[in-house]
Amino acid sequence: MPINERYEPLVLEKKWQERWEREGLFRAGRRPNAPKKYVLEMLPYPSGKMHMGHVRNYLLGDIYARYFAMKGFDVLHPLGWDSFGLPAENAAIKDGVHPAVRTRENIASFKHDVISLGLSYDWSRELNSCEPEYYRWNQWFFVKMLEKGLVYRRFSKVNWCTGCLTVIANEQVKDGTCERCDSPVQEREMPEWAFRITRYSQALLEGLDGLTAWPDRVTGMQRNWIGRSEGVEVDFPVENGSPVRVFTTRADTLFGCTYLVLAPDHAQVLSLTTAAQRPEVEGFVAEMAVLDHAQRFAEGTEKRGVFTGSCAVHPLTGAPIPIWIANFVISGYGTGAVMSVPAHDERDFAFARKYGLPIKPVVRPVDSAAPNSSELQAAFTAEGLLFDSGSYTGLPSAEGRRKITAELEAEGKGKATVTWRQRDWGFSRQRYWGTPIPILYCERCDPNREGIPVPEADLPVVLPEIDVQEVLTGKGQPPLAKVPSFVNTTCPKCGGAARREVETMDTFVDSAWYYARYLSPHLDTAPFEATAANRWLPIDIYVGGPEHAVMHLLYFRFWSRVMKELGLTPSDEPVTRLIAQGIVNGSDGRKMSKRWGNVISPASLVQKYGADTVRVYVAFAGPPERDFDWSDDQVEGAFRFLRRVWTLVAQHQPEIQGATYEGAWEGEALELRRATHKCIQRVTQSIERLSFNTAVAGVMELVNALYAAEKPSTQAEKAAMAEAVSALTLLLTPFAPHMADEIAEGYGQEVFTVSRAWPEFDPALVVDDVIPYAVQVNGKLRAEVRVATGAGEQEVRQAAEADERVKAYLTGKTVRKVVFVPKRLLNYVVG
RNA sequence: GGGCGGAUGGCGGAAUUGGUAGACGCGCCAGACUUAGGAUCUGGUACCGCAAGGUGUGGGGGUUCGAUUCCCCCUCCGCCCACCA
């Protein structure tokens, strides 16, 4: 079938997308005896339209999935929908449409966009987190984790988002505002459900060392977030009261402690406050209490504090240590109290200066004398040598720290401790559109309102149908509380009246384990089959944005460990190799957004150029992990490239289709074959190391070479050209799969390209007969000589020294040394 | 303040373990084919210089026969975290 002269992507792409789907070409499990690859992109929230970030995300995964399929792997490449969540609920409040309806529409539209890109998904495994079929397993895990003490109810300070009108997790607070809606976050005292993720802090931290194929920036962010810090808790005795316990990482500066500071909401504040100081302290505490986190810790906020009137006693020197409270001390970290060492801490220095508190240096730089406290201009925060520190004087900081800690421990005055920045994951949400928390409250069986888990047999607890106008008011009360048919139920223990929990789960629960559900998406006896988990886990390649580094990806790693402990999965870690894809900015370099009017819609681009052009452009624009700015001109370039391919293969088709040759290869035909095999080598290596942009460049080079070649006339040349076109088609498959199949079909191929084997290069054909050697004199390039491949140093030297320019640089000089690098260069070191 | 990235032509970006800097694309210049070209094809294109030659990977040092690549110091940009004791 001759290839049409005109390249009409829209027509042919639709045709192939339909055929692929009809054939079930991307079903996982088609090669049960082959090694597996699990390629996954982060679960999308189905907003109505796909944006460029999605395109890049799915494309990076798709290139890999197709490549692995051609390499003979059994590939699992699924997609589903993170369909619970606030945007749908907020839209419902606004226009009265039920979130389920809106979500269904959005998924249909989004999926249409996804399909139009020709992505190789196994749609038989599509999952949707808002369906009971899925979220019942969230509930199942909840109950299992409750049994293991990994879920608990607490009454504590929570982060209340004033925009989303719900509690959010620590990870979801950025700069004191909500990461989703940017509204201020308040601290509120209320009950909530939490996952005991901190039980795994150490494991999650250590696990990072094994994640060698994760980007450093992501593991770095996680390390930072987990925030392990080693130090010591020290008790400062107080007369007529319990001691004040502080946490410090700098026990070596203990002798420099001149006062203590507590957080305003520290439990001991009132008992330590003397009558005389009471009005001032209470005023200060009240003032701090009304500030939200962002206000209290805004950048540049002045340090303020008040004296409680009480003193503690220094544990080693016995000196009186005044106790203050101050705005900058955080009650939730360490013990909520700090020992102030103004000489060696910037914050303490500023505070001491302001309130005229003593500053006592006890550590000096190794190479200078001990400073006088009055001449200290700033805190000396580095490590050094101790002085004025009793028997520890003269020790380096690290050793001093060890010995002081040992003494404190020996005397029962302190304890070496590890403190973490990470907190437990609070997942209660006071919203409707999420997984109901499967808990009942029965006044008879559960007088303390701790909650009774819904028995496994009664799961799922299904989200009730509601009257949207009536229930979703956006007033900040859990909407489910307004649905009596949901709330009122019977107690599984006593059979009496009980009430259901009305809060729902954070949607990060849905995305914490969905990758395992793809293994058995419709199983109704377990979240997934163990045999499938053994076959497919862990995920080989996971692609998504770095903005999930400390939310999703941390919960994900936590859940993976829990699943392993439940005996469900084989590995601690969920993902072997992570790609944190860069952002696609607008052509003006700003983030694509309606606000800047620089949004490029993928759907309209596909309409204009076809999916293959968009795919080639995005792959070619830059390395996956780097941001790039959109460029209309470069898209044109991608389209031009594909059309060049098209024209080339169409023109040559009549004379080369089916051409074979058995004799010896030489001349033009041999050169053509070399170009082909070098290209195969280059593209293969590029894809293996995730360098899709250079892989495309490699294919472009081959196309250029084929254009430059003479029109094939001999049988050998025709066969060589046929081989080139065949290789070109296959190499193009991950990037422009529709065109690849269309060309292959035109050339009489009956098998889909993605089902064919990735081409192998012939090692003999990637070496030339002649190698150009760079000839340097004293490291400067002076000539290039062409020498037969396999020539040794002597022959290369002969050729080099015959060169006029080289001769000129060598005459009259003594050659002191000659550096010979096989296949690359020759360097004369002369003097 | 801490952590992690990054800086290469007019632009996006190449350069396996130190070995000919600038692949590939865009843009630009010239030519061919054309009634025409914003289509297509061919050639050119780091900078200075007529040339010989010289200079060049943010800046400064160092190691080396040789450094975009390794080491030290500095500047700027991006992201993340942040009064975390």
Open item on the list: Any side-chain N or O of A:Arg347 below 4.0 angstrom from OP1/OP2 of B:C84?
Closed with: yes
Task: Distance-only donor-acceptor check, side chains A:Thr613 and A:Tyr7, under 3.5 Å - done: no
Open item on the list: For a quick test of reading the model: is some side-chain N or O of A:Arg640 closer than 4.0 Å to OP1 or OP2 of B:C26?
Closed with: yes
- [ ] Find the partner of B:A67: check Watson-Crick (N1-N3 plus N6-O4 or O6-N4) and G-U wobble (N1-O2, O6-N3) distances, both under 3.5 Å, and reply none if neither fits.
- [x] none
TODO: Rounded off to whole Å, could you give me the CD-to-C1' distance for the A:Gln222 and B:C79 pair?
DONE: 15 Å
Open item on the list: Would you measure the distance from the P atom in B:U69 across to the matching atom in B:G62 and give it in whole Å?
Closed with: 15 Å
Task: From B:C24, B:G13, B:A85, nucleotide with atom closest to A:Arg626 side chain - done: B:G13
Task: Among B:G5, B:U20, B:C83, the nucleotide that comes nearest once only the side chain of A:Ile330 is considered - done: B:C83
Open item on the list: Quick check on B:A82: is either OP1 or OP2 less than 4.0 Å from any side-chain nitrogen or oxygen of A:Arg421?
Closed with: yes
Task: Under-3.5 Å donor-acceptor pair between A:Lys303 side chain and B:C83 base - done: yes
- [ ] Indicate whether OP1 or OP2 belonging to B:C80 is found under 4.0 Å from a side-chain N or O atom of A:Lys174.
- [x] no
Open item on the list: Between A:Tyr617 and A:Trp630, is the ring-ring contact (aromatic ring centres under 6.0 Å, His included) condition met? List the steps.
Closed with: CA-CA 10 Å; A:Tyr617 164 68; A:Trp630 186 263; 4.7 Å; yes
TODO: Mind calculating the distance between CZ (A:Arg217) and C1' (B:C81) to the nearest angstrom?
DONE: 15 Å
Task: B:U55 phosphate, OP1 or OP2, under 4.0 Å from A:Lys780 side-chain N/O - done: yes
- [ ] To the nearest Å, give me how far apart CG (A:Asn778) and P (B:A67) are.
- [x] 12 Å
Task: Nearest listed nucleotide, side chain of A:Arg643, among B:G13, B:U16, B:U40 - done: B:U40
Task: d(CE, A:Met221; P, B:G2) in whole Å - done: 18 Å
Task: 5' priority, RNA chain B, between A:Ala697 and A:Asn693 [closest heavy atom] - done: A:Asn693
Task: Pairwise P distance for B:U45 and B:A52, with rounding to whole Å - done: 14 Å
TODO: Ignoring backbone atoms, test whether A:Arg689 places a side-chain nitrogen or oxygen under 4.0 Å from the OP1 or OP2 oxygen of B:A15.
DONE: yes
Task: Distance, rounded to the nearest Å, where A:Arg782 contributes CZ and B:A52 contributes C1' - done: 12 Å
Task: Atom-pair distance (CG on A:Asn224; P on B:G1), nearest Å - done: 16 Å
Task: Atom-to-atom span, CZ of A:Phe297 to C1' of B:C81 - whole angstrom - done: 15 Å
- [ ] Examine B:C41: is either OP1 or OP2 under 4.0 Å from a nitrogen or oxygen in the side chain of A:Arg644? Give yes or no.
- [x] yes
Task: Distance, rounded to the nearest Å, where A:Asp216 contributes CG and B:G78 contributes C1' - done: 16 Å
Task: Whole-angstrom distance between B:C73 and B:G27, as gauged at atom P - done: 44 Å
